[in-house]
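As the structure is a prediction and not an experimental result, all values here were calculated from the model.
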Amino acid sequence: MLIKIPRYNEPLASEITPRELALSRRLFLQGMAASSLAASAWVWPAMATESSTRQRLPAQRNAKYSAADKPTTLADATTYNNFYEFGTDKGDPALYAGSLKTRPWTIKVEGEVKKPLTLDIDALLKLAPLEERLYRLRCVEGWSMAIPWIGFPLAELIRKVEPTGNAKYVEFTTLADRAQMPGVRSRVLEWPYTEGLRLDEANHPLTLLTVGMYGQVLPNQNGAPVRIIVPWKYGFKSAKSIVRIRFTEVQPRTSWNLAAPDEYGFYSNVNPEVDHPRWSQASERRIGEDGFFTKKRKTLMFNGYPEVASLYSGMDLRKFY
Ligand SMILES: Nc1nc2c(c(=O)[nH]1)N[C@H]1C(S)=C(S)[C@@H](COP(=O)(O)O)O[C@H]1N2
Ligand SMILES: [Mo]
């Protein structure tokens, strides 16, 4: 069996609920069954990284930018994921992302900038001081988590490359490697997964270039080695495993917008008053609180980050959904 060594911030075994245990058992059994995708030999190491082998990443908590919410357990945050490159089931990323090679890894920063950069991930880690920030993450599907992310403001990187006067948007391109990512064979989305922000959104102090969580480097299933976290937008805007950041004059194409333009707009700000065409966005289920009698939570405007409202003054948020 796996030997669990408790680490900083990690939930103790005694805090893990029967549901979590049942889930991880189910994931393991699925792993055994899914022999076409995974040799069971690497199901074990993938699960082992949960506690024993992942590298610690110390960072000071930034209280100003941290929510008071009770953090979601590490077990939940690493076994209930959306990362379609590894499959569309919530358990697929935990099972299949173990094989993702995150070293060496380079990120290109290019486009409408005066000083384009090609950065190795280890150089990126040293670009600015790392901070821990507890952010809510609200998936467009109606569930949410509260996760202590580690990273630094994307604005720090943007400052270094000096955007030209033509730069109006930032495009994020993520890895799409068939050899490492079984989900890329499926045609659910156009690969590579791309996302984008307006330059002022990208420069907002809440927008976090993220390299870790729970005091450790990012688990592969959460977007290692580097992702973006935009906490006032639906989770799909927070692209995982980024390889390129490009500054553009025109609004970038994004994978979810291409897949279903009526459902997933470019802005996708969390907004309880604007329903998804197929469901309400007024409330959400906090992962870990889903007992039979547990009430759903009310979804908050901009996911509870009202300070971003000024970015959208004068805009009709029903039109720019
Ligand atoms: N490359 C990539 N990034 C992605 C996704 C994806 O499928 N591929 N899914 C998105 C969605 S829908 C959500 S809700 C969040 C989930 O992040 P988490 O698994 O770390 O909670 O990642 C986002 N980033
Ligand atoms: Mo999502």
Side-chain angles (χ1 to χ4, degrees), residues 65 106-119 124 127-128 133 135 137-138 140 151-176 189-211 223 226-271 274 301-303 305-321:
Y65 289 113
T106 47
I107 302 113
K108 286 199 165 137
V109 190
E110 59 189 29
E112 289 292 344
V113 292
K114 290 179 200 134
K115 297 182 174 167
L117 261 181
T118 299
L119 265 176
L124 182 79
L127 198 92
R133 299 180 175 198
Y135 279 168
L137 181 123
R138 167 61 157 83
V140 72
F152 57 79
L154 177 64
E156 298 275 355
L157 176 62
I158 296 178
R159 201 160 50 84
K160 294 239 160 40
V161 295
E162 298 182 21
T164 70
N166 293 332
K168 302 280 184 310
Y169 296 90
V170 185
E171 175 196 65
F172 304 95
T173 304
T174 81
L175 186 72
L189 288 175
E190 260 187 46
W191 312 109
Y193 189 104
T194 56
E195 257 309 331
L197 296 170
R198 229 169 46 192
L199 184 59
D200 58 345
E201 297 176 318
N203 263 319
H204 193 279
L206 280 167
T207 303
L208 196 72
L209 196 66
T210 303
V211 292
V226 58
R227 73 179 296 180
I228 198 80
I229 295 287
V230 195
W232 72 93
K233 292 179 180 279
Y234 291 118
F236 68 88
K237 298 295 292 181
S238 294
K240 295 176 167 179
S241 303
I242 294 169
V243 293
R244 187 172 70 159
I245 300 176
R246 193 164 64 98
F247 293 75
T248 62
E249 190 162 9
V250 295
Q251 187 176 298
R253 290 154 46 103
T254 67
S255 289
W256 276 106
N257 184 249
L258 288 170
D262 302 339
E263 303 186 21
Y264 311 107
F266 178 78
Y267 284 92
S268 285
N269 293 314
V270 175
N271 189 337
V274 178
M301 186 63 200
F302 297 120
N303 204 23
Y305 300 93
E307 62 265 49
V308 301
S310 60
L311 293 170
Y312 310 105
S313 55
M315 283 175 74
D316 178 353
L317 297 179
R318 285 183 183 278
K319 191 168 162 219
F320 298 101
Y321 57 93

Can you list, pair by pair, the side-chain donor-acceptor contacts under 3.5 Å of residues 313-321, counting residues two or more places apart and other chains?
residue, atom, partner, partner atom, Å
S313, OG, S310, O, 3.4
D316, OD1, R318, N, 2.9
R318, NH2, E273, O, 3.1
Y321, OH, P261, O, 2.7

*For V109 against V161, the heavy-atom pair lying closest together*: CG1-CG1, 3.7 Å
*Determine, stepwise, if the pair V270 / F302 fulfils side chain to side chain contact (heavy atoms under 4.5 Å, CB included).*
CA-CA 5 Å; V270 175; F302 297 120; 5.8 Å; no
*Are the side chain of Y193 and the backbone of F236 linked by a donor-acceptor contact shorter than 3.5 Å?*
yes
*Is the Lys NZ or Arg CZ of K237 less than 6.0 Å from the centre of Y267's six-membered ring, within 45° of the axis?*
no
*So R244 and E171, salt bridge (charged side-chain N to carboxylate O under 4.0 Å, His left out) or not? Walk me through it.*
CA-CA 8 Å; R244 187 172 70 159; E171 175 196 65; 3.4 Å; yes
_Shortest non-hydrogen separation from T248 to V250 and the atoms involved_ = OG1-O, 2.8 Å
_For a quick test of reading the model, state the closest non-hydrogen atom pair linking F172 to I245 and the distance between them._
CD2-CG1, 4.0 Å
*Any donor-acceptor pair under 3.5 Å linking the side chain of R133 with the backbone of L208?*
no
*Which pair of non-hydrogen atoms, one from L206 and one from W232, has the smallest distance, and what is that distance?*
CB-CZ3, 3.8 Å
*Would you indicate whether E190, at its atom CD, is surrounded by more than 12 heavy atoms from other residues, nucleotides or ligands within a distance under 6.0 Å?*
no
*Counting only N and O atoms by type, is there a donor-acceptor contact under 3.5 Å from the side chain of T173 to the main-chain atoms of T194?*
no
_Partners meeting salt bridge (charged side-chain N to carboxylate O under 4.0 Å, His left out) with R227 (sequence neighbours left out)_ = none
*How far apart are the closest heavy atoms of S238 and I229, and which atoms are they?*
OG-CA, 3.5 Å
*Heavy-atom check, side chain of K168 versus side chain of E112, under 4.5 Å*: no
*Pair Y264 and W256, ring centroids less than 6.0 Å apart*: yes
*Which heavy atom in N257 sits nearest to a heavy atom in G265, and how many Å separate them?*
ND2-CA, 3.9 Å
*Is it true that atom NZ of K108 has more than 12 heavy atoms of other residues, nucleotides or ligands lying nearer than 6.0 Å?*
no
